[in-house]
Structure formats: structure tokens, C-alpha cells
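Here's the structure, in C-alpha cells; my notes come after.
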Amino acid sequence: MKGFLTFASEADIVALWGAACIAVALMALLMERRRSKRTSIDNVGWMPWTGLFLTFAVLGGALLVVSIPAVIRG
């Protein structure tokens, strides 16, 4: 893996960051669904899962869209 990252283009690295952001967004979506299905409303805690989901989904999508042309060419 280290050899891949050494010779990876900037577009490949941006695509990897975008995929990581999408993975974090999916985890936040899963946690929000888990919180909303709780039986005891008082024990949900406070974490802005929806805001985290939107932030990471938009950021990851933007990074992937920016990296697509260079990844296809290279």
C-alpha cells in the first residue's frame, strides 16, 4: 500500500480522501438511524449526526467529482 501511495497522482489521493469522507458519512447516517429507533427518548444523547452526515457527504462527493476527470485520463 505504501508503494501505491508513493506513486499515486494527486487525483488518486483526492479520490481516496473523498471515499473516506463518504465512508464517514455512511457511518453517521447509520448512527442517526440507530438513535432514532431507540425506545427510550431520554437516553439518546447529543451528537449532530445529521449535520455530520451532510458535511461529510457533500465534502466527499465534491472531492470525488473533482478527481474523476484526472483518474479517468490517468
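Only this structure's heavy atoms are used, side chains among them; waters, hydrogens and symmetry mates stay out.
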ask   = With a cutoff of under 4.5 Å between side-chain heavy atoms, which Ile, Leu, Val, Met, Phe, Trp and Tyr residues group with Val58?
value =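 Listed partners: none, Val58 stands alone.
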
Assigning hydrophobic clusters by single linkage (Ile, Leu, Val, Met, Phe, Trp, Tyr; side-chain heavy-atom cutoff under 4.5 Å), is [X] placed with [Y]?
X: Met27; Y: Leu52; value: yes
X: Leu64; Y: Leu26; value: yes
X: Leu29; Y: Trp49; value: no

What are the two closest heavy atoms between [X] and [Y], and how far apart are they?
X: Ser67; Y: Ala15; result: OG-CB, 3.4 Å
X: Gly61; Y: Ile22; result: N-CD1, 3.8 Å
X: Leu63; Y: Val14; result: O-CG1, 3.4 Å

Contacts of Val24 that satisfy side chain to side chain contact (heavy atoms under 4.5 Å, CB included) - sequence neighbours left out =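 Once residues adjacent in sequence are excluded, the partners of Val24 under the side chain to side chain contact (heavy atoms under 4.5 Å, CB included) criterion are Phe56.
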
task = Keeping the roles fixed (side chain from Arg73, backbone from Ile68), state whether a donor-acceptor pair exists under 3.5 Å.
result =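 Here the side-chain-to-backbone pair does not exist.
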
task = Measure the spacing between CE of Met47 and CZ of Arg35 and express it to the nearest 0.5 Å.
result =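 Result: 9.5 Å between the selected atoms.
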
